[in-house]
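Presented below is the structure to which this report refers.
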Protein chains: 2
Amino acid sequence: MRTPVTIRNVATEAGVSISTVSKALNGTGHIGAKTREHVIAVANRLGFRPNDLAQSLHRGRSFSVGILSNDIYGRFTLPIVGGIEEALSDNRVSVFLCNAADDLERQKRHLDALLAKRIDGLILTARRTDYLAPLDIAALGIPVVHAYAQSAAPGAICILPDDEGGAYDATRHLIALGRKRIAHVGGPQSFEATRLRQAGYRAALKEAGLAPPPDSELFGAWSEEWGRDAARRLIDGKAGLPDAIVCGSDQIARGMADGLREGGIDMPGQTALVSFDNWDVIAAATRPALTTVDPNLKELGAQAGLTLLSLIEGKDVKPGIRRVPSKLIIRRSCGSPDRS
Amino acid sequence: MRTPVTIRNVATEAGVSISTVSKALNGTGHIGAKTREHVIAVANRLGFRPNDLAQSLHRGRSFSVGILSNDIYGRFTLPIVGGIEEALSDNRVSVFLCNAADDLERQKRHLDALLAKRIDGLILTARRTDYLAPLDIAALGIPVVHAYAQSAAPGAICILPDDEGGAYDATRHLIALGRKRIAHVGGPQSFEATRLRQAGYRAALKEAGLAPPPDSELFGAWSEEWGRDAARRLIDGKAGLPDAIVCGSDQIARGMADGLREGGIDMPGQTALVSFDNWDVIAAATRPALTTVDPNLKELGAQAGLTLLSLIEGKDVKPGIRRVPSKLIIRRSCGSPDRS
DNA sequence: GACGCTACGGAAAAGCTTTTCCTAAGTCAA
DNA sequence: TTGACTTAGGAAAAGCTTTTCCGTAGCGTC
């Protein structure tokens with residue numbers, strides 16, 4: 001392990017003082033052009049890289065932030081963290097990743113370490129959008145943004161997906177394709193996301209002068225198995241087969257597609273499907289490939305990162321919930337020309 | 001944004017010098033018990049948290065490391081990074097996450113930032129195990145470990161999954177269950193992982209005095225579609241249906257299972273399946289649920305983290321490739337009692 | 001030649017902590 | 001009472017950088 005080159009090494013080699021090196025490299029003070037060029041050449045030759053820790057000590061800003069995730073293993077985490085990392089690294093800020101893992105003791109340890117490292121700010125992420133972060137953010141003394149998580153703290157800033165708007169758009173899309181008897185098969189009702197997606201579905205129906213068919217708003221697990229069960233219920237139901245189904249997630253939709261196909265239903269001919277998540281490994285592999293609402297999680301992460309940056313820079317940011325618009329990804333399951 | 005409490009604030013409040021505060025809090029030097037208790041009480045009351053940056057400057061170690069991932073969005077990344085993070089945070093080391101995204105310019109920027117922040121070490125991860133990191137690690141001057149990636153650099157340390165051993169175990173398991181005509185349906189031959197899994201399958205067959213049935217070693221994409229195609233080829237093949245199939249991934253196996261079921265084949269009765277990845281969203285949802293090789297990626301990450309820690313602490317670590325043993329996760333597809 | 005102004009670079013202070021060296025006070029033994 | 005030793009705490013230096021203040025030299029003008 002090599003000792004990094006310090007400003008003193010450069011000063012000695014260049015035959016000037018350390019303040020001259022600093023000024024030459026930073027273009028500050030008054031350093032003659034010849035001296036400046038000479039110092040820069042020496043610094044480059046020696047591979048001098050200023051010690052960021054020392055700089056941070058002096059400038060009062062570390063150009064690092066923490067991501068404290070409550071679910072580092074969850075599939076939503078990847079695009080969110082990816083979006084955060086990209087937005088911040090593009091702005092010279094490095095990102096610590098910490099996994100709290102639903103463990104308050106671990107969370108405390110991470111916070112202690114991050115605060116000791118004088119991070120400029122913190123982003124909290126969770127597994128589900130209705131997660132209430134158990135954290136006194138005011139006591140941290142640094143800017144905090146919640147991404148895919150909420151907070152009971154006054155003045156909190158939360159960046160969330162637009163579940164209601166996404167379901168509204170997806171249902172509108174089906175209506176625009178001429179579908180009239182549209183069912184909704186959601187996840188667990190205990191999830192706010194389930195309820196918001198249902199609300200968006202209902203809003204679109206209402207606006208079109210339609211109503212949900214009888215017994216066609218169903219709820220179950222976030223699983224393919226529930227999707228297959230729901231398919232059987234809709235095939236066997238007294239109300240007749242819906243001509244379209246809004247599924248609460250790609251997994252449910254995949255089960256629904258398998259169940260309908262095995263029940264002899266042609267998709268999207270007899271029944272069209274749309275769903276949520278744009279979880280590619282599922283959505284693209286389902287037969288037919290799923291038209292699905294992409295919650296734009298990478299963009300959500302990027303907005304969280306940039307919002308935190310604004311806070312760090314002392315800009316005014318309006319507190320509260322901000323919802324990132326989703327995108328409808330068209331594949332075959334809805335029956336419109338495949339645009340993917 | 002509140003200014004953090006410094007050691008000077010504590011010294012002033014406690015009526016002692018800053019060196020006394022440092023000694024009292026660290027249990028160094030000679031500080032009387034009464035003075036020590038008083039200083040600690042004041043420090044706690046003020047919420048003093050030593051500035052880690054200043055400490056790092058003095059002690060020459062930052063207790064932070066970098067993870068430079070070449071695929072932050074890939075599904076292998078989650079458990080690897082999770083394992084790294086957990087192992088290191090349990091040892092007081094914080095983890096920077098950086099996404100190089102197959103972009104040498106971005107990679108350079110990240111490295112510059114990390115080296116300036118005087119990280120203690122670096123872990124490189126990639127999307128595939130045969131990725132050769134394009135990096136002169138000797139020039140970094142800090143310890144480096146590769147996790148799920150390789151390096152042409154002499155003395156490099158690479159932690160990889162045991163693809164060959166996992167396929168060997170899975171195939172041995174099928175043989176132990178009495179299967180005799182065992183096919184192999186892998187991913188792209190351009191992947192080292194495909195070739196190693198095939199080698200493990202062949203080793204187990206050879207050891208049992210068996211041979212691959214004719215036309216039963218097939219290769220295609222990492223996709224369900226390829227799995228369905230392969231199912232048709234095996235059903236229609238002249239060699240007769242194999243009584244077991246080793247699939248190169250869960251995705252391939254899922255397509256295989258769908259293809260076989262739709263071709264009227266009973267699984268695991270007529271044909272048993274094993275596969276690779278233990279990608280839960282696929283493996284558990286496949287009908288029948290997949291017996292699959294878990295490459296133990298979280299453990300791989302943990303070992304990478306602990307290996308880096310040993311390097312940082314100046315311990316002797318043998319260079320080269322280290323393979324983390326996999327685990328065979330038993331579900332229904334192999335035909336043995338469901339132990340999951 | 002004297003005075004004033006500006007460019008230039010060095011020394012010192014500052015940011016925050018830890019460690020070392022020094023000094024004073026207290027205690028004990030002769 | 002004196003000398004030796006130990007405890008206790010403060011001042012200064014160190015880690016690495018940036019910034020400010022100061023002094024000197026050079027140049028131009030009167």
Return yes if the base of C:dG9 and the side-chain atoms of A:Ser19 contain a donor-acceptor N/O pair under 3.5 Å, otherwise no.
-> no
Determine the contact category for [X]: base if any of its heavy atoms lies under 4.0 Å from a base atom, sugar-phosphate if only primed atoms, P, OP1 or OP2 are that close, otherwise nothing.
X: B:Arg8; answer: base
X: A:Ile18; answer: base
X: B:Ser56; answer: nothing
X: A:Val21; answer: nothing
X: A:Ser22; answer: base

Residues B:Asp112 and B:Lys117 bridged, charged N to O under 4.0 Å | no
Distance only, no hydrogens: is a donor on one side chain within 3.5 Å (strictly under) of an acceptor on the other, for [X] and [Y]?
X: B:Thr307; Y: B:Arg322; answer: yes
X: B:Ser19; Y: B:Ser22; answer: no
X: B:Thr6; Y: B:Asn9; answer: yes
X: B:Glu85; Y: A:His110; answer: yes

Looking at five pairs on each end of the helix from C:dG1-D:dC30 to C:dA30-D:dT1, what is the angle between the two axes, given to 10 degrees?
-> 70°
So does A:Arg106 have more than 12 non-hydrogen atoms from other groups sitting under 6.0 Å from CZ?
-> yes
Is A:Arg128 close enough and on-axis enough to A:Tyr148, meaning under 6.0 Å and within 45°, for cation-pi?
-> no
A:Arg127 NZ/CZ over A:Tyr131 ring centroid, <6.0 Å and within 45° of normal | no
Extract, from 5' to 3' on DNA chain D, the first and final nucleotides lying under 4.0 angstrom from some heavy atom of chain A.
-> D:dG15 to D:dT20
B:Thr20 or A:Lys23, whichever maps to the more 5' nucleotide of DNA chain C | A:Lys23
